Amino acid sequence: MLDKGKLHKGKRLLAIAVTSLAATAAQAQTELTMYYPVSVGGPLTQVVDGMIEQFEQQNPDIDVNAIYAGNYNDARMKALAALKSGEPAQLSVMFSIDVHELKDLDAIVSFDDVVETDEERQWLDSFYPALMENGKVDGTTWGIPFQRSTIVMYYNKDMFREAGLDPEHPPQNWDELAEMGQKLVKKDADGNVERWGAMIPSTGYPYWMFGALAKQNGADLMNSAGNETYFNKPEMVEALQYWKDLGSKYNVMPEGTIEWGTLRQNFLEGKTAMMWHSTGNLTAVKNAADFDFGVAFLPAHKNFGSPTGGGNFYLFKDATPDERRAALKLVRFMTSPEQAALWSKDTGYMGVSPAAYETDILKQYVAEFPPAAVARDQLEYATAELSTHQSGRVRKLLDDAIQSVLNGQAEPQEALDSAQNQAKRILSRY
Amino acid sequence: MKRLSWLHAWLMLLPALAMLMAFTHIPALTTIWHSLFYPARGSEPEEFAGLDNYRMMLDDDVFWQALNNNLWYALVTVPASMVLALAMALWVNGKIRGRSALRLAYFTPTMLPMIAVANIWLFFYSPEIGLFNKVLGWFGVAGINWLGDTDWALPSLMLMTIWKEAGFFMIFYLAALQALDRDIYDAAALEGASRWYRFRRLTLPLLMPTTLFVLVNAVLNAFKLVDHLFILTKGGPNNASNLLLYYIYENAFSFFDANYAATLTVVLLAMLILLALLQFGVLERRIHYR
């Protein structure tokens, strides 16, 4: 059977194709290729495609080829492989913490080198300073925040009520997390745990969660030049001990490592009353939760704290001046207050500038759904995510140390000493 | 005349030889070459390192652990999947009802892409919501943190690998079983040989060429099949399930250290060549080809 609607649609598409073909002939078309990652749940690729489409409509002379490239690691790998093999790529969204390595590889240009007018220079300062920490090196801007997050605590208010806790008072500090967690643990007749009090994921990005605990304990993992780490400071050892204690002493969390990829499902199925996770998961949780949930700051010890996380826009070096200008235009569009607001609403990632929260879209959304502002409010206590030269290697040292402690293979002090010594050796060249 | 046919032979071999050179031998040689340099920094040229990368490897605990894991991984998954494959092949080779369906069922794991399967198994293994712990729960056994416990992560990977591989090897055994000459079995039956005796003295020896083929493939796969690690454990916790090829990948693409990755690749390559020589050299002589 012939579908008339489809036929019309086909004709329309053809018409668009013909006009755009004519347009191509009329004006020089700038083609841009960008890679971008998705690391949380939800149909984020559709959101990006929608934004790109809108940009192309507004800028008929620019043709954008946006390629979804897996997680952060994959995206970086694909973009760099494309560059190496001579395929064009003028910009990409990549891990904000890749900045030192991308610089070392001589793959990117700074935004300061591309902006021309005063207005553009001002634009560089329009984002939340905490989100720029991972994008700036020595005062020069290399990354513009796009899909940025902090870690927040999701908690199940129904379970809080059931356990006799105040659902509007999530744990404010480490002691409360342990105490309330214990009240929230539920066991069956045989003594097997049916529901855990809390879960902090320890695969995928263990160093990220640890960065939060460290910051709460008043310490940063590294310096901003990315050539020194502080893994075995007493604050770090204490933080890792607390993480381990949540499992082995307070028994509010399973022992061993907790899988990042299945944690959201665990929370949605009521297997844990609280979880620490990226705010980028917020919309996915909101859409799927059939219970009353809340979002809170991560608990404090000395103070509140969370690292920022997520992806920044980078401009690749290997591009013509025209392409660079077009790429800048695209970045400005994608991070403009209206787009950032839409993006934040659709995903849960943060609106990257204060102006984004001044838009009607986010004002209204935050009024309806206050959790949407938690990540932003937490920015005040945020710090940079672990980012150094040879980031991958250094990160793995810390990840391995954390996992060995959570699995009871090593004590926090010795594991962190060893990670620190090895990191120091690697970073001694920089 | 003779020289002409000699030339003819080389010409016939040329396309295959060219492909082998381009995609196997030359990359292998450049890998060895790359392993002798320090990683490039920015646009500076690479600096010659001699054997430094190899020295670094000998000091690298993660390398030793990955190697150790990989040997255990091979030692368990290769025999287990082969025995299982043979058992399944014997079973579906018999005259039983619904054997086509059964064959298909055994072969299904092979047809599914590893990454897709791993994503499903990730949820099987999940301690709270997973299938395995639910089944254990029915028997009153406390759940296991399959992928999150250093003692269980590697065995969990092995289990999935065996499940995935056995069906594939079964196909080869099944094909071989069907090609066996029934007359020998009839003769053996006349002589009054027991079923076990027939299996041991006829079927097994006659299947030896297939066994060698399967063995070579299984050993190779034990070193080169790491797709599921990306989804299930990423080599963790604390490298408890890290395997050589995955570690090579990490070095090349997470750490941007193509040179150290090349060094590890050379070692892996040397090991595989050695293993292949061993298998062909030792076993081939004991195999009876018809």
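Here is the naming used below: chain letters follow the sequence lines, and residue numbers restart at 1 for every chain. Reckoned from all heavy atoms, side chains included, excluding hydrogens, waters and symmetry mates. Note that the structure is predicted; figures quoted are calculated from it, not measured.
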Q: With a 4.5 angstrom heavy-atom cut-off, which part of Ile402(A) approaches chain B: side chain, backbone, both or neither?
A: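 For Ile402(A), there is no contact with chain B at all, as no heavy atom is under 4.5 Å.
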Q: Does the side chain of Thr203(A) reach to within under 4.5 Å of the side chain of Lys234(B), using non-hydrogen atoms?
A: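 Of all side-chain heavy-atom pairs linking Lys234(B) with Thr203(A), none is under 4.5 Å.
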Q: Under a 4.5 Å heavy-atom cutoff, which of Ala81(A), Gly392(A), Gly408(A), Ala107(A) has the most pairs with chain B?
A: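 Going by pairs under 4.5 Å, I would pick Gly392(A).
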Q: Can you tell me how far apart CD (Gln390(A)) and OG (Ser254(B)) are? Round to the nearest 0.5 Å.
A: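 Gln390(A) atom CD to Ser254(B) atom OG measures 12.5 Å (nearest 0.5 Å).
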Q: Might you point out which heavy atoms bring Pro254(A) and Glu128(B) nearest each other, and give the distance in Å?
A: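 Nearest heavy atoms, Pro254(A) then Glu128(B): CG-OE2, 3.6 Å.
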Q: Do Asn266(A) and Ile129(B) have side chains that get closer than 4.5 Å, going by heavy atoms?
A: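 With C-beta onward as the side chain, the pair touches.
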Q: Between Asn242(B) and chain A, which part of the residue has a heavy atom less than 4.5 Å away: side chain, backbone, both or neither?
A: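 Just its side chain gets close to chain A.
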Q: Heavy-atom distances under 4.5 Å only: say whether Asp149(B) touches chain A with side chain, backbone, both or neither.
A: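 It is both, since atoms from each part get that close.
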Q: Got more than 12 heavy atoms from elsewhere within 6.0 Å of CG, Asp227(B)?
A: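 More than 12 within 6.0 Å, yes.
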Q: Mind checking which of residues 150-162 of chain B sit less than 4.5 Å from chain A, heavy atom to heavy atom?
A: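 Counting heavy atoms that sit under 4.5 Å from chain A, the residues of residues 150-162 of chain B involved are Thr150(B).
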Q: Which of residues 15-31 of chain B have a heavy atom under 4.5 Å from any heavy atom of chain A?
A: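 From residues 15-31 of chain B, none sit under 4.5 Å of chain A.
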Q: Counting only N and O atoms by type, is there a donor-acceptor contact under 3.5 Å from the side chain of Asn407(A) to the main-chain atoms of Gly148(B)?
A: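 Pair found, side chain donor or acceptor close to backbone of Gly148(B).
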Q: If I take atom CZ from residue Phe256(B) and atom CG from residue Leu102(A), how far apart are they, to the nearest 0.5 angstrom?
A: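 It is 5.5 Å, given to the nearest 0.5 Å.
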Q: Kindly give the heavy-atom pair with the smallest separation between Glu259(A) and Leu232(B), and that separation in Å.
A: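 Of all heavy-atom pairs spanning Glu259(A) and Leu232(B), the closest is OE1-O, 3.8 Å.
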Q: In Å and rounded to the nearest 0.5 Å, what is the CG to CZ distance from Asp59(B) to Arg425(A)?
A: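 The distance works out to 7.0 Å.
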Q: When only pairs under 4.5 Å are counted, which of Phe253(B), Phe123(B), Tyr125(B), Phe255(B) shares the most heavy-atom pairs with chain A?
A: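 Highest number of heavy-atom pairs under 4.5 Å: Phe255(B).
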Q: Do other residues, nucleotides or ligands put more than 12 heavy atoms under 6.0 Å from the CD atom of Glu411(A)?
A: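 12 or below, so no.
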Q: For Thr257(A) and Leu147(B), work out which heavy atoms get closest and say how close.
A: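 Looks like OG1-O, 4.1 Å.
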Q: Taking atom CH2 as the centre, does Trp33(B) end up with more than 12 heavy-atom neighbours from other residues, nucleotides or ligands that are less than 6.0 angstrom away?
A: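 For Trp33(B), atom CH2 is not crowded (no more than 12 foreign heavy atoms under 6.0 Å).
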Q: Can you tell me which portion of Asp399(A) sits under 4.5 Å from chain B's heavy atoms? Options are side chain, backbone, both or neither.
A: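 Neither part, no heavy atoms under 4.5 Å.
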Q: Verify the neighbour count for atom CG of Asp188(A): are there more than 12 heavy atoms of other residues, nucleotides or ligands below 6.0 Å?
A: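 It does: Asp188(A) CG has more than 12 such atoms within range.
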Q: Checking heavy atoms, do the side chain of Ser404(A), its backbone, both or neither come under 4.5 Å from chain B?
A: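 Both backbone and side chain.
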Q: Please identify, among Arg395(A), Met77(A), Lys271(A), Arg393(A), the residue contributing the most non-hydrogen atom pairs under 4.5 Å to chain B.
A: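 The answer is Arg393(A).
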Q: Select one option (side chain, backbone, both, neither) describing which atoms of Arg76(A) are under 4.5 Å from chain B's heavy atoms.
A: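 Only the side chain of Arg76(A) comes within 4.5 Å of chain B.
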Q: For Asn251(B), which atoms come within 4.5 Å of any heavy atom of chain A: side chain, backbone, both, or neither?
A: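 Side chain only.
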Q: Pairing donors with acceptors under 3.5 angstrom, does anything connect the side chains of Gln409(A) and Asn238(B)?
A: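 Note: Gln409(A) and Asn238(B) side chains meet the donor-acceptor criterion.
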Q: Check each atom of Asp74(A) against the heavy atoms of chain B and say whether the ones under 4.5 Å are side chain, backbone, both or neither.
A: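 For Asp74(A), the side chain is the part near chain B, not the backbone.
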Q: So which of Ser202(A), Gly261(A), Gly256(A), Gly191(A) has the largest heavy-atom pair count under 4.5 angstrom toward chain B?
A: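 Among Ser202(A), Gly261(A), Gly256(A), Gly191(A), the one with the most close pairs to chain B is Gly256(A).
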